[in-house]
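Below, all heavy atoms of this structure are taken into account, side chains as well, without hydrogens, waters or symmetry copies. Quick caveat: nothing in here was measured; it's all calculated off a predicted structure.
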Amino acid sequence: FAAPPLTQAAFDALVEAHHEKYEAYKNGGKAQKGPYNTARTALIKAMDDTGDYVDLLPGVDNDMILLGGYTPTKTGESSTVVPDPATGVKLTLGVTTEMFSDCDAQPGDNFYGSILVAGQPLPEGFAISNAGQVITTASKPDPNPEAKAEEKTVFILDLNKKRKKHYTALTKGVEYYCYYFVVNTAGVSQLSAPVILMCG
């Protein structure tokens, strides 16, 4: 490290000062609280400054770490993999015309999306790619769409990132199909198997 924000000796002095002021505060009462807080703030600032500096340089460049007189603790970036499909999907009733859903936590730094479909499963041509793109293969247009206006399919896409979802203003007596997908920095999982429940 070419120009660290403080030397090892300076850091050790801050640690020692913090320890001394803490002992004085512990044994001497409230009168020593001010000096202790000052020493504590100085130590935390030094750690924050050093942490910010280390985060900027040198990343995972082993040669740079060795030049700085340190030993690398890892030899490359950790690879993130696309998450597996969600498991343990549950769909439960709330008060009239509302439902809740949840799924098992998946390993890694993830967030969770869900799709709730009214009255039927997702069409066969519907998918989410690893890159997070929604793909649907539309069939040819219906020549008489007005005749089937009442057969619209309702999709609710929930992107709030949490595993637990809350759906409102649903239709009583309609079966709902719930699918989950998991997202991390590497991509998007395949859709889970659907869970089906009639709205009460």
Exercise for review: Would you check if the side chain of N110 reaches a backbone N or O of Y112 as a donor-acceptor pair within less than 3.5 Å?
Suggested key: no
Exercise for review: Taking the side chain as every heavy atom from C-beta outward, state whether L93 and L197 have any pair of such atoms under 4.5 Å apart.
Suggested key: yes
Check your understanding: For the residue pair Y36 and H18, does the interplanar ring angle fall in the parallel (under 30°), tilted (30 to 60°) or perpendicular (over 60°) class?
Key -> tilted
Review point. Are I196 and F126 co-members of a hydrophobic cluster defined by side-chain heavy atoms under 4.5 Å apart?
Key: yes
Review point. Just how far is it from atom CD1 of I135 to atom CD1 of I128, taken to the nearest 0.5 Å?
Key: 9.5 Å
Practice item. Please report the shortest heavy-atom distance between A86 and S192, naming the atom on each side. Key: O-CB, 3.5 Å
Review point. Heavy-atom distance under 4.5 Å between the side chains of F181 and I115, does that happen here?
Key: yes
Check your understanding: Of the non-hydrogen atoms in A42 and L14, which two are nearest, and what is the gap between them?
Key -> CB-CD2, 4.0 Å
Exercise for review: Starting at CZ of R40, measure out to NZ of K33 and round the result to the nearest 0.5 Å.
Suggested key: 10.5 Å
Check your understanding: Distance from N160 atom CG to S114 atom OG, nearest 0.5 Å?
Key -> 7.5 Å
Exercise for review: Output yes when a side-chain donor or acceptor of Y179 lies under 3.5 Å from a complementary backbone atom of L122, and no otherwise.
Suggested key: yes
Check your understanding: Any chance OH of Y22 has more than 12 other-residue heavy atoms, nucleotides or ligands included, within less than 6.0 Å?
Key -> no
Review point. Counting heavy atoms not belonging to K45, are there more than 12 under 6.0 Å from its NZ?
Key: no
Exercise for review: State, yes or no, whether a side-chain contact exists between F11 and L43 at a heavy-atom distance under 4.5 Å.
Suggested key: yes
Review point. Can L116 be reached from M198 by stepping across I, L, V, M, F, W or Y side chains whose heavy atoms are under 4.5 Å apart?
Key: no
Check your understanding: Among the clusters formed by ILVMFWY side chains lying less than 4.5 Å apart, do V82 and L159 turn up in the same one?
Key -> no
Exercise for review: Can you establish whether the number of heavy atoms outside K165 located under 6.0 Å from its atom NZ is more than 12?
Suggested key: yes
For residues 98-106, please give each side-chain donor-acceptor pair under 3.5 Å, one per line with the distance, not counting sequence neighbours.
{"unit_1": "E98", "atom_1": "OE1", "unit_2": "H166", "atom_2": "NE2", "d": "2.8"}
{"unit_1": "E98", "atom_1": "OE2", "unit_2": "V95", "atom_2": "N", "d": "3.1"}
{"unit_1": "S101", "atom_1": "OG", "unit_2": "Y167", "atom_2": "OH", "d": "2.8"}
{"unit_1": "S101", "atom_1": "OG", "unit_2": "Y180", "atom_2": "OH", "d": "2.7"}
{"unit_1": "D104", "atom_1": "OD2", "unit_2": "T87", "atom_2": "OG1", "d": "3.3"}
{"unit_1": "Q106", "atom_1": "NE2", "unit_2": "T87", "atom_2": "OG1", "d": "3.4"}
{"unit_1": "Q106", "atom_1": "NE2", "unit_2": "D104", "atom_2": "O", "d": "3.2"}

Review point. Side chains of T171 and Y176: does their closest heavy-atom pair fall under 4.5 Å?
Key: yes
Review point. Does the side chain of V188 reach to within under 4.5 Å of the side chain of N130, using non-hydrogen atoms?
Key: no
Exercise for review: For D12, enumerate each residue passing the side-chain hydrogen bond (donor to acceptor under 3.5 Å, both in side chains) test, keeping only those at least two apart in sequence or located in another chain.
Suggested key: Q8
Point to revise | Partners passing salt bridge (charged side-chain N to carboxylate O under 4.0 Å, His left out) against K161 (at least two apart in sequence or in another chain) | key: none
Point to revise | Heavy-atom closest pair, residues P85 and V182 | key: C-CG2, 4.5 Å
Check your understanding: Just how far is it from atom CG of L170 to atom SG of C199, taken to the nearest 0.5 Å?
Key -> 5.0 Å
Practice item. Could you pull out the closest heavy-atom pair between Y177 and G119, with the gap in Å? Key: CE1-C, 3.9 Å
